[in-house]
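Take a look at the structure below.
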Amino acid sequence: MNTSNNVSALSAFTVLLITVLCTVMTACRIEEPILPSEEEQHGEPVLTDIVGFYLLNEGNMGSNKSTLDYYDYTSATYRRNIYAEANPDVPKELGDVGNDLQIYGSRLYAVINCSNKIEVMDAKTTKRIGQIDVPNCRYLCFHGQYGYITSYAGPVSLDASHAQIGYVARFDTATLEITGTCLVGYQPDELVIVGNKMYVANSGGYMVPNYENTLSVINITTFTEEKRIPVAINLHRVRLDKNGLLWVTSRGDYYDVPAKLYCVDPKTDQVIDELDIAVSNLDIVGDSLYACATAWNYVTMENSVLYSIVDINTHKVVCDNFITDGTDQNIKKPYGIKVHPLTRDIYLTDAKNYVTPGTLYCFAPDGTMRWSVRTGDIPAHFAFLEMPREFSLNGEK
């Protein structure tokens with residue numbers, strides 16, 4: 001018996017079989033129907049330099065259902081699931097769990113967490129330009145020619161023994177190449193740049209109950225971590241206000257340590273105030289910090305749902321519920337929030353049960369609902385599109 005010939009024949013058959021299967025799979029992908037975007041009229045046209053906004057729907061983890069919607073102010077038209085139609089040759093569309101959305105220069109960047117990538121698109125057309133591969137990527141910020149993205153480094157896992165220390169990756173916005181990394185704490189989330197310093201909220205979300213409790217401070221020039229500022233456990237959001245102060249959210253431990261909002265002065269790198277309110281998401285416009293919260297507590301087995309406005313000058317809660325017409329009774333899980341910087345209309349999303357389409361609400365500044373519309377699953381992240389505008393790769397006009 002000629003073993004060598006048998007092995008060769010088997011190898012040739014294996015290669016042939018793989019080739020045939022790949023061809024069939026490719027053919028099947030090409031023939032998969034592309035669902036057309038859906039369009040509805042809502043509200044009235046609003047003509048400002050902001051011509052519309054994108055809304056990234058996260059999609060339930062493992063479902064590969066992250067989608068992109070767009071609202072056009074010039075025609076008062078809402079379009080659902082626009083990415084697939086604009087990019088019919090991308091087999092898996094956006095991917096698994098959209099975690100952040102930003103426009104910088106002429107490009108739209110969507111962070112797709114469990115697909116381990118940043119999807120890069122043309123900001124006007126949403127045509128795919130490329131992708132940046134970053135494991136368990138979380139949130140973006142930009143400065144000059146570079147983008148910065150936080151990464152949990154390892155796979156999604158609540159097993160602390162498998163957790164890896166997180167980092168911030170730096171990429172060139174022209175080439176989309178990673179040019180450096182900087183280690184921070186475990187499971188870093190939002191980040192913001194103030195002058196020559198970057199502040200990163202370390203959560204330690206996979207290290208339960210041993211959460212992280214610091215902001216990492218990174219020198220932008222050397223791209224090294226200089227120090228950490230103790231704030232509170234399980235940090236999430238960090239935003240800069242017009243007074244040059246940072247607002248940082250803590251999720252608490254979902255048991256005895258409540259979620260809170262903190263104010264940090266980057267001039268001294270000290271916590272200067274704390275507010276006893278839960279904040280799941282926020283937006284700062286003018287003198288106001290708009291916040292929504294769905295704060296879960298395992299002791300009571302209930303969510304605390306809040307819609308607050310904080311005066312960034314006095315650090316006082318000036319409104320306990322910015323929804324004034326009773327619409328909040330219809331909202332199950334407030335999730336994303338964005339405020340139009342010119343009209344001050346408030347956009348709030350409802351994730352409902354996290355596995356079915358959500359709802360986007362538009363509220364007037366006085367808290368009365370203007371309109372609402374069905375979205376994708378877990379609507380979460382907004383990016384305003386400004387036109388007319390001269391775009392460049394480094395974000396300068």
Side-chain angles (χ1 to χ4, degrees), residues 58 61-62 97 99-100 111 113-114 116 134-141 148-169 181-192 197-219 224-239 246-264 266 269-282 291 293-304 335 354:
E58 291 188 355
M61 185 178 294
V97 186
N99 207 75
D100 196 13
V111 178
N113 172 226
C114 291
N116 305 304
V134 180
N136 208 338
C137 43
R138 300 291 292 176
Y139 294 96
L140 278 167
C141 73
Y148 299 87
I149 178 78
T150 50
S151 170
Y152 281 12
V156 176
S157 173
L158 293 181
D159 184 347
S161 65
H162 293 162
Q164 299 181 41
I165 193 165
Y167 63 85
V168 176
T181 58
C182 177
L183 293 178
V184 286
Y186 284 95
Q187 292 81 61
D189 277 323
E190 283 197 352
L191 67 172
V192 70
K197 295 189 291 185
M198 178 187 298
Y199 293 83
V200 183
N202 298 308
S203 73
Y206 294 171
M207 308 298 289
V208 181
N210 301 311
Y211 295 103
E212 291 273 14
N213 69 344
T214 62
L215 284 175
S216 286
V217 183
I218 295 174
N219 182 304
T224 55
E225 182 186 51
E226 293 189 333
K227 60 181 173 180
R228 297 186 187 180
I229 306 169
V231 179
I233 65 168
N234 200 4
L235 300 182
H236 185 196
R237 313 282 182 187
V238 54
R239 306 288 176 86
L246 299 175
W247 294 89
V248 185
T249 69
S250 163
R251 303 179 182 97
D253 67 355
Y254 312 106
Y255 287 93
D256 301 319
V257 180
K260 289 188 179 183
L261 176 65
Y262 295 84
C263 186
V264 174
D269 287 341
Q270 298 292 320
V271 176
I272 61 173
D273 212 344
E274 71 176 65
L275 284 71
D276 291 322
I277 61 169
V279 176
S280 299
N281 213 335
L282 73 152
T294 306
W296 176 255
N297 186 287
Y298 281 108
V299 177
T300 63
M301 298 300 287
E302 293 180 346
N303 277 313
S304 296
Y335 202 79
Y354 301 113

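Donor-acceptor pairing under 3.5 Å is lacking for the side chains of Asn219 and Thr224. A donor-acceptor pair shorter than 3.5 Å can be found between the side chains of Glu225 and Ser216. Defined by atom type and a distance below 3.5 Å, a donor-acceptor pair is missing between the side-chain atoms of Asn136 and Asn116. A donor-acceptor pair shorter than 3.5 Å can be found between the side chains of Asp189 and Tyr152. A donor-acceptor pair shorter than 3.5 Å can be found between the side chains of Tyr199 and Asp269. Side chains of Ser157 and Asp159: a donor-acceptor N/O pair is absent below 3.5 angstrom, by distance only.
The side-chain heavy atoms of Tyr211 and Asn202, taken from C-beta on, include no pair separated by under 4.5 Å. Side-chain contact between Pro209 and Asp253 is absent, with no heavy atoms from C-beta onward closer than 4.5 Å. Side-chain atoms of Thr214 and Ile229, non-hydrogen and from C-beta on, never get closer than 4.5 Å to each other. Side-chain contact between Asp276 and Lys260: present, with at least one pair of heavy atoms (C-beta onward) separated by less than 4.5 Å. Using a 4.5 Å heavy-atom threshold, the side chains of Gln187 and Met207 count as touching. Between Pro135 and Tyr167, the closest side-chain pair of non-hydrogen atoms falls below 4.5 Å. No side-chain heavy atom of Tyr186 sits less than 4.5 Å from a side-chain heavy atom of Asn210. The side-chain heavy atoms of His236 and Tyr139, taken from C-beta on, include a pair separated by under 4.5 Å.
In plain terms, the two heavy atoms of Ala293 and Ala278 that are nearest each other are CB-O, 3.2 Å. Minimum interatomic distance between Leu282 and Arg239 (heavy atoms only, all atoms of both residues): O-NH1, 2.7 Å. For Gly252 against Ile233, the heavy-atom pair with the smallest separation is C-CD1, 3.8 Å. Between Val97 and Cys114, the shortest heavy-atom contact is CG2-SG, 4.0 Å. The shortest heavy-atom contact between Pro266 and Lys197 is O-NZ, 2.9 Å. Taking every heavy atom of both residues into account, Gly185 and Arg228 meet most closely at N-NH2, 3.6 Å.
With hydrogens and angles disregarded, a donor-acceptor distance shorter than 3.5 Å links the side chain of Glu190 to the backbone of Val238. No side-chain donor-acceptor contact under 3.5 Å links Asn213 to the backbone of Val231. Proximity of a side-chain donor or acceptor of Arg237 to a complementary backbone N or O of Leu261 within less than 3.5 Å is not detected. In terms of modelled atom types and a separation under 3.5 Å, the side chain of Asn99 and the main chain of Arg138 share a donor-acceptor contact.
The aromatic rings of Tyr354 and Tyr335 sit perpendicular, their planes meeting at an angle over 60°, well past the 30° parallel limit.
Interatomic distance, CD1 of Ile218 versus SG of Cys182, reported as 4.0 Å (0.5 Å rounding). The structure places OH of Tyr254 at 8.0 Å from OH of Tyr298, a figure rounded to the nearest 0.5 Å. For the atom pair Met301 CE and Trp296 CH2, the distance stands at 4.5 Å (nearest 0.5 Å).
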Test side chain to side chain contact (heavy atoms under 4.5 Å, CB included) on Ser304 and Asn297 and set out the steps. CA-CA 8 Å; Ser304 296; Asn297 186 287; over 6 Å; no
Quick one, Ser203 with Leu235, criterion side chain to side chain contact (heavy atoms under 4.5 Å, CB included). Give me CA distance, side-chain angles, the key distance, then yes/no. CA-CA 5 Å; Ser203 73; Leu235 300 182; 5.5 Å; no
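A search for salt bridge (Lys or Arg N to Asp or Glu O under 4.0 Å) contacts involving Asp100 returns nothing, not counting sequence neighbours. Residues meeting the side chain to side chain donor-acceptor pair (under 3.5 Å) test with Tyr262, sequence neighbours left out: none.
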